[in-house]
K.L.:
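Got a structure here, written out as structure tokens. Questions coming.
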Amino acid sequence: MPELPEVETIKRTLTPCLREQKIARVEVYHPGVIAAPDPETFSRLLAGRIITGLDRRGKYLLVHLSGEYCLVVHLRMTGRLVFTEGAAPLAPHTHVVFSLAGGPSLRFVDTRRFGRLYLAAKTEVETLPGLRDLGPEPLDPAFDALALAAILAGRRRPIKQVLLDQRLVAGIGNIYADEMLFAAGIDPRRPAASLNHEEVARLRGAMQRVLEQGIANRGTSIRDYVDGSGRQGSNQEHLQVYGRTGRPCPRCGQPLERVRLGGRSTHFCPRCQV
DNA sequence: ACAATTACCTGTATGC
DNA sequence: TGCATACAGGTAATTG
């Protein structure tokens with residue numbers, strides 16, 4: 001599922017394909033995926049604009065456009081944004097096609113249709129529902145142990161649920177949350193505020209290492225994720241605990257366990273994570 | 001203020 | 001083979 005490293009990889013693979021390209025025409029095959037404005041206005045306002053650059057904020061992809069507009073995309077679980085040369089047939093579940101001048105296209109494909117697209121003036125991007133309350137970027141140099149400590153202070157919720165709360169930290173999903181807690185040797189069920197200074201510092205280091213490794217491996221492809229060129233990542237080959245229930249812990253050999261935490265499956269080593 | 005639950009969707013795996 | 005069911009999980013809305 002597209003979490004921070006996957007969206008970052010999509011941003012990096014799409015940027016050279018899309019920069020300075022002109023959107024000639026936009027076809028919406030499933031209006032439900034357009035969050036705002038209404039699909040007709042969405043298509044009309046996009047046609048003729050130049051893509052000036054791409055950005056990422058949490059799990060959101062921002063496509064900057066001429067005329068001070070911005071296309072905002074959230075892929076949720078199964079969404080894909082793929083650059084396609086020429087007139088290849090549409091993949092199943094293709095909901096929006098952005099035809100670029102000269103023949104190529106950018107296609108939004110999403111089997112479960114959870115993903116959403118917004119078109120907004122640049123000035124209102126920060127005020128969109130999902131972006132307004134987004135927490136800090138965990139890979140920002142300013143996100144140090146002190147910043148993490150301030151986020152955890154006073155919170156009795158399990159540490160994993162805090163890591164998944166986009167209002168507190170941006171971009172972490174179920175896979176990377178499990179991996180970073182294993183890397184830090186911390187039990188995902190621990191109340192967030194129960195971590196001592198040393199554990200907070202360790203977790204912060206693990207968060208950055210695990211996310212950087214995900215990016216270096218071009219994302220985790222378990223089911224649906226592919227980058228902007230349609231290629232799979234390789235980070236699934238490096239997962240230590242996610243999806244490995246019952247297999248030996250890579251550190252101590254104890255069988256890995258799975259529990260449900262806040263409705264989400266949570267993978268951990270009962271011996272290494274305390 | 002916080003926590004738990006449900007809705008949104010469909011493909012895949014499993015059990016009978 | 002066919003059918004029912006569980007499960008995957010990001011976010012918003014709802015309920016407690």
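To find a chain, count down the sequence lines: A is the first, B the second, and so on, and within it residues start at 1. Keep in mind it's a predicted model, so treat the numbers as computed, not measured.
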K.L.:
Could you check whether A:F114 and the base of B:dC8 form a stacked pair, meaning centres closer than 5.5 Å and planes differing by less than 30°?
P.N.:
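Base of B:dC8: stacked against A:F114.
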
K.L.:
Given atom CZ of A:R116 and atom C1' of C:dA13, what is their separation to the nearest angstrom?
P.N.:
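Atom CZ in A:R116 sits about 14 Å away from atom C1' in C:dA13.
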
K.L.:
Over all strands shown, is A:G263 touching base, sugar-phosphate only, or nothing at heavy-atom distances under 4.0 angstrom?
P.N.:
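The answer is nothing, as A:G263 stays clear of every strand by at least 4.0 Å.
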
K.L.:
Are any of A:H30's side-chain N or O atoms less than 4.0 Å away from OP1 or OP2 of B:dC9?
P.N.:
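Indeed not, no polar side-chain atom of A:H30 lies that close.
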
K.L.:
Calculate the interatomic distance between A:I222 atom CD1 and C:dG10 atom P; express it in whole Å.
P.N.:
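For the pair A:I222 CD1 and C:dG10 P, the rounded distance is 11 Å.
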
K.L.:
When the distance from CD of A:Q161 to C1' of B:dC2 is rounded to whole Å, what number comes out?
P.N.:
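So the two atoms are 11 Å apart, to the nearest Å.
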
K.L.:
Among C:dT11, B:dA3, C:dA12, find the nucleotide with the atom closest to the side chain of A:R157.
P.N.:
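Nearest to the side-chain atoms of A:R157, counting from C-beta on, is B:dA3.
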
K.L.:
Of the candidate nucleotides C:dA12, C:dG10, C:dA8, which contains the atom at the shortest distance from the side chain of A:P129?
P.N.:
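So the side chain of A:P129 is nearest to C:dA12.
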
K.L.:
Say we look at B:dC9 and C:dT14: how far apart would their P atoms be, to the nearest angstrom?
P.N.:
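Taking atom P in both B:dC9 and C:dT14, they lie 15 Å apart.
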
K.L.:
If you measure only the distance, is there a donor-acceptor pair under 3.5 Å linking the side chains of A:T13 and A:S229?
P.N.:
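No, because no side-chain N or O of A:T13 sits under 3.5 Å from a partner of the opposite role on A:S229.
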
K.L.:
Which part of the nucleic acid, if any, lies within reach of A:T78 when heavy atoms closer than 4.0 Å are counted: base, sugar-phosphate only, or nothing?
P.N.:
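Result for A:T78 = nothing.
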
K.L.:
Take atom CZ of A:R57 and atom C1' of C:dG10, then tell me their distance rounded to the nearest Å.
P.N.:
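Distance, rounded to whole Å: 16 Å.
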
K.L.:
Judged by each residue's nearest nucleotide on DNA chain C, which is more toward the 5′ side, A:Y60 or A:M77?
P.N.:
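Taking each residue's closest nucleotide, the earlier one in sequence belongs to A:M77.
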
K.L.:
Counting only side-chain heavy atoms from C-beta out, which of B:dG11, C:dG10, C:dA8 sits nearest to A:R112?
P.N.:
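Of B:dG11, C:dG10, C:dA8, C:dA8 is nearest to the side chain of A:R112.
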
K.L.:
Regarding A:R113, tell me which of base, sugar-phosphate or nothing describes its non-hydrogen contacts under 4.0 Å with the strands shown.
P.N.:
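Sugar-phosphate contact only - A:R113 comes under 4.0 Å of backbone atoms but never of a base.
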
K.L.:
Ring-plane angle category for A:Y118 and A:Y60, please: parallel below 30°, perpendicular beyond 60°, tilted otherwise.
P.N.:
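Rings of A:Y118 and A:Y60: tilted, 30 to 60°.
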
K.L.:
Expressed in angstrom and rounded to an integer, what is the separation of A:D224 atom CG from B:dG11 atom P?
P.N.:
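Interatomic distance, CG of A:D224 to P of B:dG11: 10 Å.
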
K.L.:
A:H74 side chain N/O closer than 4.0 Å to the phosphate oxygens (OP1, OP2) of C:dT11?
P.N.:
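Result: yes.
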
K.L.:
Reckon A:R258 touches a base, only the sugar-phosphate, or nothing at all at heavy-atom distances under 4.0 Å?
P.N.:
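Touches sugar-phosphate only.
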
K.L.:
For the residue pair A:I172 and A:M180, what are the closest heavy atoms and their distance?
P.N.:
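Smallest heavy-atom distance, with atoms named: CD1-SD, 3.9 Å.
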
K.L.:
What is the distance, rounded to the nearest whole Å, between atom CD of A:E3 and atom C1' of C:dA8?
P.N.:
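So the two atoms are 13 Å apart, to the nearest Å.
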
K.L.:
Please say yes or no: joined through hydrophobic side-chain contacts below 4.5 Å, possibly via intermediate residues, are A:F83 and A:I23 part of one cluster?
P.N.:
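Shared cluster, yes.
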
K.L.:
Would you measure the distance from the C1' atom in B:dG11 across to the matching atom in C:dA12 and give it in whole Å?
P.N.:
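B:dG11 and C:dA12 have their C1' atoms separated by 23 Å.
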
K.L.:
Tell me the interatomic distance from A:R260, atom CZ, to B:dA4, atom P, rounded to whole angstroms.
P.N.:
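The answer, rounded to whole Å, is 14 Å.
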
K.L.:
Considering every strand and a 4.0 Å limit on heavy-atom distances, what is the contact class for A:R167: base, sugar-phosphate, or nothing?
P.N.:
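A:R167: no heavy atom of the nucleic acid under 4.0 Å.
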
K.L.:
Is the backbone N or O of A:F143 less than 3.5 Å from a side-chain atom of A:R204, with the two atoms forming a donor-acceptor pair by type?
P.N.:
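Looks like yes, one N/O pair under 3.5 Å.
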
K.L.:
By nearest atom, which of the nucleotides B:dG11, C:dT11, B:dC2 is closest to the A:R155 side chain?
P.N.:
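Ranking B:dG11, C:dT11, B:dC2 by closest atom to the A:R155 side chain puts B:dC2 first.
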
K.L.:
Are A:Q166 and C:dT11 close enough that a side-chain N or O sits under 4.0 Å from OP1 or OP2?
P.N.:
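For C:dT11, OP1 or OP2 has a side-chain N or O of A:Q166 closer than 4.0 Å.
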
K.L.:
Expressed in angstrom and rounded to an integer, what is the separation of A:I172 atom CD1 from C:dG10 atom P?
P.N.:
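From A:I172 CD1 to C:dG10 P: 11 Å.
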
K.L.:
Go through A:R244 and A:H267 one step at a time and tell me if the side-chain hydrogen bond (donor to acceptor under 3.5 Å, both in side chains) criterion holds.
P.N.:
CA-CA 7 Å; A:R244 303 179 63 82; A:H267 314 72; over 6 Å; no

